[in-house]
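Here is the structure we will look at, set down as structure tokens.
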Amino acid sequence: MSDTNRYIAGVGGELRDGWRDQPHPRRLSEHHPRRVEILRRHDEAQRANLPVYADPLSGFSVFTADFLAARDYCCESGCRHCPYIDEG
């Protein structure tokens, strides 16, 4: 089953296209001044199988797309790398 067609049992969440490589479109602007660095940190964390990386501006931990998808549900907290398609 492809990632883009996967449905989450009991939740109804569908993974969006490009979820593994692209942040949620409404949660990291294409014009963000640190976008390249953020995506690099995210990619490095995913390659190392880490659940989080440090945000370069705030220092806060940010969940990776792989970690969020493995949970099998959207927590509706506005995660930067949320792999799920918004219903609203």
Side-chain angles (χ1 to χ4, degrees):
M1 176 180 336
S2 78
D3 291 335
T4 57
N5 295 325
R6 183 172 152 217
Y7 287 87
I8 306 306
V11 179
E14 182 180 350
L15 296 175
R16 60 186 170 75
D17 289 340
W19 67 269
R20 183 168 275 122
D21 301 318
Q22 295 300 313
H24 193 284
R26 289 191 297 252
R27 299 180 187 149
L28 183 65
S29 168
E30 290 186 19
H31 306 290
H32 190 286
R34 306 283 291 271
R35 181 180 173 91
V36 171
E37 182 179 359
I38 288 168
L39 294 180
R40 180 186 54 79
R41 288 182 182 210
H42 178 256
D43 291 344
E44 288 173 356
Q46 292 211 132
R47 281 195 304 273
N49 293 317
L50 298 173
V52 298
Y53 66 92
D55 179 80
L57 293 176
S58 68
F60 293 146
S61 293
V62 179
F63 288 121
T64 65
D66 284 344
F67 173 82
L68 294 169
R71 292 191 324 181
D72 281 344
Y73 69 93
C74 175
C75 65
E76 298 184 19
S77 294
C79 298
R80 178 182 286 162
H81 299 283
C82 182
Y84 300 100
I85 294 173
D86 288 338
E87 295 298 324

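Numbering of residues begins at 1 and proceeds along the displayed sequence. All heavy atoms count here, side chains included; hydrogens, waters and symmetry mates do not.
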Quick check against the 3.5 Å criterion: does [X] have a side-chain atom that pairs as donor or acceptor with the backbone of [Y]?
X     : Y     : value
Glu44 : Tyr53 : no
Arg41 : Ala54 : yes
Arg20 : Ala65 : no

Residues Cys74 and Cys82: closest non-hydrogen pair is SG-SG, 3.8 Å

Note: His24 and Arg16 closest approach over all heavy atoms is N-NH2, 3.1 Å

**Prompt:** Linking I/L/V/M/F/W/Y whenever any side-chain heavy atoms sit under 4.5 Å apart, do Leu68 and Trp19 land together?
**Reply:** no

*His81 and His42 aromatic ring geometry - parallel, tilted or perpendicular at 30°/60° bounds*: parallel

Interatomic distance, CD@Gln46 vs CG@Leu39, rounded to 0.5 Å, equals 10.5 Å

When rounded to the nearest 0.5 Å, the distance separating CZ of Arg40 from CZ of Arg34 is 9.5 Å

May I have the list of side-chain donor-acceptor pairs in residues 56-64 shorter than 3.5 Å, sequence neighbours left out?
{"residue": "Ser58", "atom": "OG", "partner": "Asp55", "partner atom": "OD2", "Å": "3.2"}
{"residue": "Ser58", "atom": "OG", "partner": "Phe60", "partner atom": "N", "Å": "3.0"}
{"residue": "Thr64", "atom": "OG1", "partner": "Phe67", "partner atom": "N", "Å": "3.2"}

